[in-house]
Protein chains: 2
Amino acid sequence: MSDSPSISRQFSLCTVMETIVHCGPISRASIAKQTGLSKQTISEIARQLEEDGWIRETGRTSGHVGRTAITYEIVPEASCIAAIDLGGRKLRAAIADLAGNVLAEVTEPTDLRGGRHVVEQIASLAHRASAHTGIPFEKVRLAIVGVPGAPDRTTGRVLMAPNIPGLDEFDVSSALAELLGTDVVLENDVNLAVIGERWAGSANGIDDLAYIAIGTGIGAGVMVGGELVRGAGNAAGELGFLPFGSDPFEPESLKVGALERATATAGICARYQALTGRNADVPTIFAAASGGQAEAGRVLNETAHHLALTIAVLSAVTNPRRVVLGGSIGRRMELVERIRALLPLCVPLPVEIGVSSLGSRVTLVGGVAIGLSHLHSALFSGGVPGAQISLPPARVSIVAGSSVTLQSGPLA
Amino acid sequence: MSDSPSISRQFSLCTVMETIVHCGPISRASIAKQTGLSKQTISEIARQLEEDGWIRETGRTSGHVGRTAITYEIVPEASCIAAIDLGGRKLRAAIADLAGNVLAEVTEPTDLRGGRHVVEQIASLAHRASAHTGIPFEKVRLAIVGVPGAPDRTTGRVLMAPNIPGLDEFDVSSALAELLGTDVVLENDVNLAVIGERWAGSANGIDDLAYIAIGTGIGAGVMVGGELVRGAGNAAGELGFLPFGSDPFEPESLKVGALERATATAGICARYQALTGRNADVPTIFAAASGGQAEAGRVLNETAHHLALTIAVLSAVTNPRRVVLGGSIGRRMELVERIRALLPLCVPLPVEIGVSSLGSRVTLVGGVAIGLSHLHSALFSGGVPGAQISLPPARVSIVAGSSVTLQSGPLA
DNA sequence: GTAATTAGTTCGATCACAGAACGAATAAAT
DNA sequence: ATTTATTCGTTCTGTGATCGAACTAATTAC
């Protein structure tokens with residue numbers, strides 16, 4: 001963009017861009033009507049945007065009375081983002097364009113050595129994903145990385161990430177930025193998940209919202225008034241530390257939270273073993289419960305009980321309109337049904353219970369969402385406060401044929 | 001202000017106004033330096049603001065090298081707000097000016113008949129408060145009313161306010177607006193309290209914050225990133241419904257929350273009676289504990305235990321930097337000390353525990369704060385998004401001699 | 001073919017702002 | 001007491017962004 005466009009111009013430019021992004025191919029006359037700006041101004045701005053490569057002509061209107069109009073649309077490939085989901089076991093990367101199209105998506109097992117090895121793996125996977133798109137990696141301006149821990153924006157380190165060793169020992173953000181040559185934003189994976197479900201999942205457009213992920217751990221992403229809740233130490237939503245499920249005053253509860261010890265994978269298995277004397281993994285216990293085994297049913301009932309209380313807590317503190325359950329355990333309908341039955345007995349406020357509809361892709365989708373909004377404001381809002389561009393409508397289905405799963409990673 | 005000042009002008013105007021509000025008496029040259037706008041623009045805007053009566057000359061600089069400068073300041077009495085604290089037993093009203101000076105403060109017992117009687121009482125008390133200021137009531141543009149319940153902004157009714165009957169039966173907001181001739185904003189009293197403590201109390205400038213009021217009930221005002229958390233049904237912070245303290249699955253817990261039954265006045269007294277067989281009010285129990293009585297001490301210990309868990313919950317959900325305790329019970333140091341001792345045993349994240357420093361005035365002070373920010377944006381931001389004016393520094397001490405407590409109300 | 005309608009450009013005027021030049025008022029230096 | 005440096009505030013001029021009106025262009029309806 002030019003040297004120093006005045007605040008007024010930047011504001012108009014942003015408005016126009018937002019209109020084009022949202023209203024698909026649209027003529028300049030229509031933009032003028034919608035934004036209230038004069039036709040002359042729109043033409044000027046459109047010319048500028050076209051010169052800079054952000055928008056392009058895309059056709060003409062026809063059928064209506066009057067002169068045909070040239071319609072404009074965003075140039076999706078003008079700039080891209082990389083969304084990364086760094087899980088304890090799988091590493092996913094996606095490339096999405098300015099319009100929110102996911103152009104490629106690749107997966108491989110996470111490098112268990114952690115630390116700088118993982119950072120290098122991310123960079124390599126991001127490049128490989130971009131190779132599938134046909135768009136050169138230089139177009140990627142921003143990488144959003146979902147991490148299973150609390151990223152500290154001042155130091156670039158990732159704290160409280162027990163599943164991946166070594167990320168609290170160096171500036172992950174800068175190291176990755178160096179390797180990728182892009183800006184890098186680290187964000188907690190559950191935070192991305194809640195944004196994903198709100199943008200393209202089962203909480204579409206809901207402003208007061210929580211997403212609870214239950215799997216090897218338990219954690220939540222919380223949104224309030226459409227804004228993410230991060231907390232003073234980026235530890236908001238660490239529901240594992242809720243003081244019930246097991247004794248919160250046991251010293252152990254300061255390391256692995258009281259609730260996490262009860263409702264996450266390890267806790268469920270431990271309770272099942274205490275009742276039956278048998279070792280079993282979580283899917284087996286669920287299967288046993290479906291088969292009518294009393295002990296397995298009791299374990300699920302207890303788990304549902306704890307989760308109902310968890311939702312009661314969320315309801316009392318932030319009063320969300322909907323709570324979306326996700327993660328390998330949270331998505332199980334057997335559990336969801338039990339929770340839905342319990343809730344009216346212990347929560348006086350209305351809460352809808354949803355189930356994650358994006359499954360294991362949710363973090364990636366959330367990364368795309370937040371990446372897009374970052375990129376849009378970086379490109380078009382020009383530092384003008386209030387000139388916020390809202391997200392384009394979600395189109396998260398993968399472009400056909402571009403999704404690749406690499407089953408064998410470097411250290412599989 | 002004029003017909004339709006352009007967005008650019010409005011932005012500058014808002015910036016200038018903000019600078020004047022914050023930097024006290026200040027010369028136009030200094031404003032230019034601070035804002036980056038040209039001296040010419042500042043002079044123009046200042047002329048306009050002076051004409052409209054928002055600012056005035058207040059003196060000259062001296063002592064420094066160079067020509068003396070005319071300094072400008074806000075005209076505090078140009079516009080006022082009324083802050084009302086509608087409690088179950090006491091009704092307080094304050095009048096504050098644009099600079100945040102509290103000009104008058106009056107109190108009387110709440111009209112126990114509730115409903116429209118209370119609305120009329122508010123109007124009458126607000127007028128009486130304004131009479132003490134010497135400023136005509138017409139200058140009052142906005143009334144902020146703290147209510148012990150959940151105001152519904154769409155209907156203007158106040159829900160979940162058991163202490164004051166009848167407020168859920170009609171549009172309280174409109175009724176009061178009619179009587180006062182001002183805009184009216186209803187807000188939950190604890191929400192105002194947390195804003196008050198953040199503006200002028202023991203949580204100055206802290207963005208991630210909770211204020212817990214413990215008295216006849218228990219409730220919290222929660223702030224996240226400097227923004228109030230209201231929740232989907234304006235019921236955020238209803239900590240009384242937290243599922244511990246007593247059995248959350250008892251049907252009674254859907255009416256009076258499980259935690260509220262344990263930690264609020266009634267619960268404390270009931271537990272004391274169960275242990276000793278004696279009826280006693282809360283101050284008596286505290287006194288007994290100080291005197292070394294074991295049962296009273298045990299009641300306090302249990303209460304502190306529940307409150308520590310409550311803070312653990314807040315910590316896990318929104319991860320506040322500080323939690324401020326208030327209310328007649330929450331302010332007692334005997335309790336605060338016990339809680340501080342328990343916290344490191346059950347909360348892994350750092351949380352500071354503060355004590356309300358504004359006492360019973362906290363809601364009123366919060367009302368002033370939120371009223372000021374409303375008024376500033378209404379007057380100066382001109383609907384320009386992003387043109388937010390931040391609050392002036394707090395000056396909540398009452399102007400000498402203007403504070404009046406009416407001990408006998410109409411229905412005392 | 002003509003009228004009606006819509007799209008987009010050109011032109012002139014206005015407004016907000018920056019920056020330079022200038023006059024005014026003061027403190028420090030001589 | 002005079003000069004000098006410094007700061008304040010105004011006036012003037014140029015630029016950029018915007019609007020609205022007039023105008024041209026292209027299309028459908030009749």
Side-chain angles (χ1 to χ4, degrees), chain A residues 1-17 19-20 23 25-51 55-73 380 382 384 387, chain B residues 1-17 19-20 23 25-51 55-73 380 382 384 387:
Chain A
M1 252 144 273
S2 87
D3 293 0
S4 68
S6 87
I7 172 178
S8 181
R9 178 56 135 213
Q10 195 71 45
F11 208 90
S12 304
L13 193 145
C14 190
T15 312
V16 170
M17 202 64 205
T19 311
I20 296 176
C23 306
I26 186 173
S27 72
R28 281 168 291 174
S30 306
I31 299 175
K33 265 179 218 150
Q34 246 186 271
T35 60
L37 298 167
S38 73
K39 290 193 289 180
Q40 198 269 350
T41 303
I42 304 295
S43 284
E44 222 173 274
I45 290 174
R47 187 156 35 244
Q48 175 80 48
L49 284 171
E50 194 174 7
E51 252 176 44
I55 64 171
R56 65 181 166 213
E57 294 185 15
T58 188
R60 302 183 142 268
T61 58
S62 67
H64 297 350
V65 181
R67 177 177 171 176
T68 54
I70 303 171
T71 56
Y72 290 81
E73 65 174 9
F380 306 119
V384 179
Chain B
M1 252 142 274
S2 89
D3 292 2
S4 66
S6 89
I7 173 179
S8 182
R9 178 57 132 210
Q10 195 72 45
F11 208 90
S12 304
L13 192 145
C14 192
T15 312
V16 170
M17 201 64 205
T19 311
I20 296 176
C23 307
I26 185 174
S27 72
R28 281 169 290 175
S30 306
I31 299 175
K33 263 180 220 152
Q34 246 186 273
T35 61
L37 297 167
S38 73
K39 289 192 288 180
Q40 197 269 349
T41 304
I42 303 294
S43 284
E44 229 172 86
I45 290 174
R47 187 157 33 245
Q48 176 79 45
L49 285 171
E50 195 174 5
E51 253 174 44
I55 63 171
R56 66 181 167 212
E57 296 186 12
T58 189
R60 306 185 139 268
T61 58
S62 68
H64 297 352
V65 180
R67 178 177 169 177
T68 53
I70 302 173
T71 56
Y72 290 80
E73 65 174 6
F380 308 117
V384 179

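A note on names: the letters A, B, ... follow the listed sequences, proteins ahead of strands, and every chain is numbered from 1.
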N/O contacts under 3.5 Å, protein versus nucleotides 18-22 of chain C?
residue, atom, partner, partner atom, Å
dA18(C), OP2, S38(B), N, 2.6
dA18(C), OP2, S38(B), OG, 3.1
dA18(C), OP2, T41(B), OG1, 3.2

Look at all strands and tell whether T61(A) reaches a base, only sugar-phosphate, or nothing, counting heavy atoms closer than 4.0 Å.
nothing
R56(B) bridged to E73(B) by N-O distance under 4.0 Å:
yes
dist I20(A):CD1 -> I55(A):CD1 (nearest 0.5 Å) comes out at 4.0 Å
Under 4.5 Å between any side-chain heavy atoms of V16(B) and R28(B), yes or no?
no
Protein-nucleotide distance (F11(B), atom CZ; dC15(C), atom C1'), rounded to Å:
18 Å
Atom pair distance, as rounded to whole Å: CD in Q10(A) and P in dT18(D)
11 Å
Report the distance from atom CZ of R47(A) to atom P of dG8(C), rounded to the nearest whole Å.
12 Å
Return yes if some donor-acceptor pair links the side-chain N/O of T71(B) with the main-chain N/O of G59(B) below 3.5 Å, else return no.
yes
Within less than 4.0 Å of OP1 or OP2 of dG16(D), is there a side-chain N or O belonging to R9(A)?
no
Rounded distance in Å - CD (Q34(A)) to P (dA7(C))
13 Å
Just verifying a value: how many Å separate E44(B) CD and S38(B) OG, rounded to the nearest 0.5 Å?
8.0 Å
Between atom CD1 in I45(A) and atom P in dC19(D), what is the gap in whole Å?
9 Å
Shortest non-hydrogen contact from S30(A) toward I26(A):
CB-CG1, 3.6 Å
Between T35(A) and I42(A), the two heavy atoms sitting closest are OG1-CD1, 3.8 Å
To the nearest Å, give me how far apart CD (Q48(B)) and P (dA16(C)) are.
9 Å
Could you grab the distance from atom OG1 of T58(B) to atom OH of Y72(B), nearest 0.5 Å is fine?
11.0 Å
Does I42(B) reach a base, just sugar-phosphate, or nothing at all? Heavy atoms under 4.0 Å.
nothing
Would you indicate, yes or no, if dT18(D) has its OP1 or OP2 atom less than 4.0 angstrom from a side-chain nitrogen or oxygen of S8(A)?
yes
Rounded to whole Å, how long is the line connecting atom NZ of K33(A) with atom P of dT6(C)?
7 Å
Tell me, for nucleotides 25-30 of chain C in 5' to 3' order, what letter each nucleotide earns: B for a base near a protein heavy atom under 4.0 Å, S for only sugar-phosphate near one, - for neither?
BBS---
note: E44(A), atom CD; dT18(D), atom P; distance rounded to Å ~ 7 Å
Look at the side-chain N and O atoms of S12(A) and state whether any lies under 4.0 Å from the OP1 or OP2 oxygen of dT18(D).
yes
Backbone of I31(B) reached by a side-chain donor or acceptor of T19(B) within 3.5 Å
no
